[in-house]
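Naming convention: chains lettered A, B, ... in sequence-line order (proteins, then strands); numbering from 1 in each chain.
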Amino acid sequence: MRRITNYTMLPMLLLWAGNANAALDIQTWETDNGARVYFVETRQLPMVQLSVGFDAGSARDPQDKLGLAHLVNLMVEEGAADLDGESIALALESVGAQYSNENGRDMSVFELRSLSDPDLLQPAARVFAKILSAPTFPKASLDRERQRLLIRLAQQQQSPRDVVTRAFYANLFDGHPYAKPPDGDAEGVQRIVRRDLTDFHRDYFVGANAVMALVGDLSRAEAEQLVQQVVGGLPRGRAAEKVAAVPELNGGALVDIQFPSNQSHLLMGQPGVSRHDPDYFPLYVGNHILGGSGLISRLSVAIREERGLAYSVYSYFLPMRDRGPFIIGLQTRNDQTSLAERLARETVASFVAEGPSAEELEAAKKNITGGFPLLIDSNRKIAGNLLNMAFYGLPLDYLETYSDRIDAVTAEQIRDAFRRRVDPERLVRVVVGGSNG
Amino acid sequence: MIARLTVTVLVATVSACASAPSNNPPPDGAPSVYETKLDNGLTVLVKPDSRAPVVVSQIWYKVGGSYEPRGLTGISHVLEHMMFKGTQTLGPNEFSRIIAANGGRENAFTGRDYTAYFQRLEKSRLEIAFQLEADRMQNLKMDPEEFAKEVEVVKEERRLRTEDKPEALTYEKFMHAAYTRSNYRNPIIGWPEDLSNLTIEDLEDWYQRFYTPNNATLVVAGDVDPEEVFALARRHFGVIPPRQVRPTDNPVEPRQQAPRRITVKARAQVPYVLLGFHVPVITLGNESDWEPYALEILAHILDGGKSARLSRSLVREQQVASSAGVGYDPTSRNSTLFMVDANPAQGKTVGEVEAAIMVQIEQLQTMLVAQGELDRIKAQIVASKVFEQDSAFAQAMQLGALETIGLPWALADEITERLRSVTPEQVRAVARKYLVPENVTVAVMQPETPGNQKKG
């Protein structure tokens, strides 16, 4: 929903880590039209969690129509096949089903949660299938949703956090599709016409470009039937072309944006890792120590615990199809910005130079591997993990071997990986704030 | 999502835990929740859930924003931060380091009516959480230097959450106008001048006054045996001596006589309007009073999904609002507000949105809700109760919150049934009784940046 008060200050790394005890029996298959499916049967609750992802995120936006992927993601529920938007909402809600959608840089995601009682699940699945395969993009709805999106974009301009995020990606990925904001921009959104939506849907909402995760109270046969019903009607089409490789930074950059806020929001970083990066595990474990473990990370100790400069300070690698960002972030009262930035830079530089201590490494491994069961303790979390595995084409034993791969990381590997991959002298740094008064 | 407006919980440390209250029907006649009370008054609730080899442990204290007198606003939340700063035997952050080394995730949150701390762990590690929580329930060490730094962290948190967010700032001022006596008029995070004046002695007193086993509830949910949990609780918490808890003033909000209205100027782009009506909550001994349940159904009629009236009528048909929502929590310690908020659509004013909201309310007062509409809402409520069981954390949250505000936890299993029995006449009756002009407070946020939307 639009206005849930979201206090998640830390964009935590979505780690869908592996299970040492292999508790998950993951079944996988491909539909006739090319969609990869990951399924886990869980019988304890009478519910089903369905997620469908298309390689159709904002990286696919035309440069002059930023926001197209997002609008398609929003608009499919506004009318489909013989149903108008009202009928869709009524049909889903009268059986207690919950529909949700989300648009990222890589992936456009649609989810359905339903009770497993066939009298409730079947009608919901039928509507869900129509939404994905036969959206009608009614003109009146498009005009309205466009206006609502423009207002949301205006609201983002009153949020220093949104402004700094947008500017950071724009500068870090300058010229690359990952620079495009997932929500679009006002100029692009105003240029989009209905034909753009139907073309985008035709090209990207196809079997060969889809993945699906399914978790819940279903047998394999029932799952196959449900999958067929939901995505079986999509034409096979083609998988989207690979996104261009993220280029290296030419050099660091300092971007200051004046904003009438009491705090300055700082983001800095570099291109980081892809989902298949050979350095992923050393960098992940190393970052856990640097800025990924909450209050006890090096960045938090230096900036929050020792100086009281910030409520939230963190770093993370966001692994994507190609190289996602490595991000260091904090917010502090305007007059403390330089000090906080200097401390953050020093902390990163010393970690890159020295790597972790033996104790730090041991503690990080214990935290990551010991906390593994928490990452798959609900249907919803399992489905999220499966969707990522399917979308990024990770091996089926990825979860099973995950903890072993964490345990195998050495301090030297971390130091080596950070030295090669993180250059403290070449960071893109954006600050938004500083002009309160 | 009815809870979208209720800005009542501050997550104090790092990552956030967002979860709606949940509810479980007892499976096959077995009790869904096991309860015991230790000799020192600590209430222990255990909710077994064997779906995954994990456990969540939460300790809830009966203290929060609504317990705070004038001049001490924000103290419960600052104390919550200080609870991570060491005890007689542990240094600052050592609590967190130990939990992390055991593969755990932890955090804490402060609300109007409670302060709670939690750990999520692989199930064999539960005892570690108990050891650490029992230690900081009795042995907290307040270091002046740590305190000085942590107050600055909280001020940064206030800037982040409230001062630099136009709608959150509007909400804070709205609450201060809507309540004249109730402690709900003060922000949980505290007024800036109170944070500046807070002393370590104040904190020490607050800690001694409220952090005692007879003022706390321990909730455990996960793959555990209730008797083993009770035994562990006795071993670690049972030895802590109880202390008499001296209550603080909890003024009753007098009946509102006339509408109130405030305007907030903020450096923003998009105007915002927020309305609130004083309404009752579920109270101990009167759990069967139907009014709070009828109000909850009313909230769903307006904002229970995309087919609900605000989204359908205001956002899509009339296109007067770009977004609109409802906030109402029938489980609070004191009487609360039924809130409606909205942003105007492009070219519309906040005045037009407000008028459209009032028309919706008038319809609820004059026309009975159709049976089909009510059935759809009840289907959603029943389904969402099942979905909520997907999260052991959410189940523990509901038990802990109910117990801590003074309601029986068993209400968690009864709310769904009571909601299902609400009639169209009862919905109309609460609309007529409470959603009336003399009972309303309206806050309008107008962007002060020039060149934006026209005034409302």
Output yes when Glu306(A) and Lys149(B) qualify as a salt bridge under the 4.0 Å nitrogen-oxygen rule, no when they do not.
no
Under 4.0 Å between a Lys/Arg side-chain N and an Asp/Glu carboxylate O for Glu317(B) and Arg312(B)?
yes
Contact class of Lys123(B) relative to chain A, heavy atoms under 4.5 angstrom:
neither
Under a 4.5 Å heavy-atom cut-off, does chain A meet the side chain of Ala321(B), its backbone, both or neither?
neither
Between [X] and chain B, with a heavy-atom cut-off of 4.5 Å, which part of the residue counts as in contact: side chain, backbone, both or neither?
X         : answer
Ser159(A) : neither
Glu362(A) : neither
Thr42(A)  : neither
Ile88(A)  : neither
Lys365(A) : neither

Using a cut-off of under 4.5 Å on heavy-atom pairs, state which of Arg144(A), Gln49(A), Glu86(A), Lys366(A) scores highest against chain B.
Arg144(A)
With a cut-off of 6.0 Å (strictly less than), are more than 12 heavy atoms of other residues, nucleotides or ligands near CZ of Arg420(B)?
no
Using 30° and 60° as the class limits, which term best fits the ring planes of Phe118(B) and Phe393(B): parallel, tilted or perpendicular?
perpendicular
The criterion is side chain to side chain donor-acceptor pair (under 3.5 Å); which residues satisfy it with Asp375(B), sequence neighbours excluded?
Gln371(B)
Any idea which of Glu163(B), Lys378(B), Arg316(B), Gln319(B) has the most non-hydrogen atom pairs under 4.5 angstrom with chain A?
Arg316(B)
Modelled atom types, side-chain donor and acceptor of Ser50(B) and Asp223(B), under 3.5 Å
no
Donor-acceptor pairs under 3.5 Å, side chain of residues 91-104 of chain B to any protein atom, not counting sequence neighbours: which ones?
{"unit_1": "Asn93(B)", "atom_1": "ND2", "unit_2": "Glu305(A)", "atom_2": "OE1", "d": "3.1"}
{"unit_1": "Glu94(B)", "atom_1": "OE1", "unit_2": "Gly91(B)", "atom_2": "N", "d": "2.7"}
{"unit_1": "Ser96(B)", "atom_1": "OG", "unit_2": "Glu106(B)", "atom_2": "OE2", "d": "2.6"}
{"unit_1": "Asn102(B)", "atom_1": "OD1", "unit_2": "Arg125(B)", "atom_2": "NH1", "d": "2.8"}
{"unit_1": "Asn102(B)", "atom_1": "ND2", "unit_2": "Ile98(B)", "atom_2": "O", "d": "2.9"}

